Amino acid sequence: MAACGLDFGTSNSTLGVADDAGCRMLALEGDHETLPSAIFFDFETHRPAFGRAAINAYVAGGDGRLMRSIKSVLGTSLIDEETLLGRRRVGFREVIGLVIRHIKEEGERRCGRELTHVVHGRPVHFVDGDDAADQRAENALADIARASGFTDVSFQYEPIAAALAYEAQINAEQIALIADIGGGTSDFSIVRIGPDRARRAERADDILANDGLRIGGTDFDRLLSLEAVMPHLGYRSPLLRPGLLTPNHLYVDLATWAKINFLYSPAVLNDVERLVKEAKHPQLIRRLVTVLEEHLGHALAMKVEEAKIALSGSSTFDIDLSLVEKGLDAPSTRGRLAAAVADPVERLAAMTTDCLRQASLRADQVDAIFLTGGSTLLPAVRGAITGALPEARIVEGDKFGAVGLGLTIEAGRRYA
């Protein structure tokens, strides 16, 4: 028997093992400890590919279907629905199960032992403001993990796991705000940590605040896409009938990772082709037809994600849309990105302040801010979090591995 910590993320996943040799992260794809949470169903071989291999198969133009950000269906009605893969329908539970089973089997191959006990990471809230849906999401993930071969499944909040990873680095007691801004959720905890506290079996009193929002990197992708890319495909462009615009839902779904595949149906394509005749600028809608006919939605989403990452370090970036139309690009700037994500960023700032109130602390009583999750690289996001605690020391966590390491530390405690 070996225990493990599994961070099944919206964008990336990690796995660590806790055994007699201690806690360590496992490589899941080549030398990479992160596995993109992606699966590609090859319609010719009828075999799935995972992670970078899945993305590469899609980019190479293989006949099949790519699915990313599938964690986001947890807590929604989609978890109990099916999706069409070639000629057969497959439930979303089965799709998530395939990814988790692959991670488990690859981890076992790497460490040479069967992994039976798992501490699964979970966001503070799968769903905002709905405790029943939140519990259903955790139950669904637990059922999927057991169906994938784990015999003992327990959960830890992802920001608490990140706190455990940070605690292993320090040599004096402190109060820290843990901000884990991932692909699908943003989670915050204020915790009291230190070497002496790390040895305690019960840590509930050290958690001073714990909260979260269903906001993450894929939301920032969607908003940037609607701001910079979708207008080139007819988003909010006028129809011939005065006062009418193109239907928003087509573009919102095309900009949302988990909903892209639902647009690849004859009925949707027929509707869009009729829209060409009703549009004041039909050339824009013809580009949308091209995207749907050639199944370019995920490729566009990757271009937008690339731009979001690039704008973390550059002030401008041209999004290459030549896959839709030769010579077409969508100029974007850091300012446009900041404007597009202003609403969710404001909510992140408010959440930081709310956590201070929960903990009954002043801002100057927090010693450090521990940042983890890829979206903490966005200047607007960082500014929203750190601006509320101007005197706190900023600590950069492993953007994609801190939660997994903390879950592994917790697995060693629970199952050793």
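The structure displayed is predicted, hence computed values, not measured ones. The basis for the numbers below is simple: all heavy atoms, side chains too, and nothing from hydrogens, waters or symmetry mates.
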Please check this pair: side chain of [X] against backbone of [Y], looking for a donor-acceptor N/O pair closer than 3.5 Å.
| X | Y | value |
| --- | --- | --- |
| T45 | R47 | yes |
| E158 | G9 | no |
| S186 | G182 | no |
| R286 | V276 | no |
| T333 | R336 | yes |
| D367 | I175 | yes |
| S314 | L311 | no |
| Q156 | A161 | no |
| D211 | F188 | no |
| R136 | G75 | no |

Rounded distance [0.5 Å steps], [atom1] in [X] versus [atom2] in [Y]:
| X | Y | atom1 | atom2 | result |
| --- | --- | --- | --- | --- |
| E108 | I103 | CD | CD1 | 12.0 Å |
| S69 | R222 | OG | CZ | 11.5 Å |
| L78 | S72 | CG | OG | 8.0 Å |
| M302 | L323 | CE | CG | 11.0 Å |
| T386 | I394 | OG1 | CD1 | 4.5 Å |
| L66 | H298 | CG | NE2 | 5.0 Å |

Nearest non-hydrogen partners of [X] and [Y], listed with the distance:
| X | Y | result |
| --- | --- | --- |
| P159 | I178 | O-CG2, 3.4 Å |
| A299 | Y58 | N-OH, 2.9 Å |
| A388 | T353 | CB-OG1, 4.4 Å |
| L28 | E106 | O-CG, 3.3 Å |
| D219 | R214 | OD2-O, 3.8 Å |
| T372 | A162 | CG2-CB, 3.9 Å |

Whether the [X] and [Y] side chains hold a donor-acceptor pair (N or O, under 3.5 Å, no angle test) is what I'd like checked.
| X | Y | answer |
| --- | --- | --- |
| S189 | N210 | yes |
| T34 | T14 | no |
| R65 | T83 | yes |
| S154 | Y415 | yes |
| Q135 | D131 | no |

Start with the C-alpha distance between D19 and R24, add both sets of side-chain angles, then the distance that settles salt bridge (Lys or Arg N to Asp or Glu O under 4.0 Å), and finish with yes or no. CA-CA 9 Å; D19 55 21; R24 64 189 187 280; 3.1 Å; yes
Does the plane of the ring in F8 sit parallel, tilted or perpendicular to the ring in H120? Use 30° and 60° as the thresholds. perpendicular
(message) Does the plane of the ring in H295 sit parallel, tilted or perpendicular to the ring in Y264? Use 30° and 60° as the thresholds.
(response) parallel
| query | Can R68 and E305 be counted as an ion pair, charged N to O under 4.0 angstrom? | reply | yes
Check your understanding: Between R109 and E105, is there a side-chain N and carboxylate O pair less than 4.0 Å apart?
Key -> no
inquiry  = Using salt bridge (Lys or Arg N to Asp or Glu O under 4.0 Å), reason through D134 and R122 one step at a time and then give a plain yes or no.
reply    = CA-CA 10 Å; D134 198 67; R122 60 150 292 170; 2.6 Å; yes
Exactly one of Q174, R203, R192 clears side-chain hydrogen bond (donor to acceptor under 3.5 Å, both in side chains) with E167, and that residue is R203
If we only count heavy atoms from C-beta on, is the H125 to L213 side-chain gap below 4.5 Å? no
Task: Trace of the side-chain hydrogen bond (donor to acceptor under 3.5 Å, both in side chains) decision for S13 with S37 - done: CA-CA 6 Å; S13 297; S37 302; 2.9 Å; yes
- request: Kindly indicate, with the supporting measurements, whether the criterion salt bridge (Lys or Arg N to Asp or Glu O under 4.0 Å) is fulfilled by E396 and R382.
  value: CA-CA 11 Å; E396 303 289 351; R382 293 172 69 88; 2.5 Å; yes
Worksheet item: Passes salt bridge (Lys or Arg N to Asp or Glu O under 4.0 Å), E410 versus R414? Steps please.
Response: CA-CA 6 Å; E410 184 67 14; R414 292 185 184 181; 2.8 Å; yes
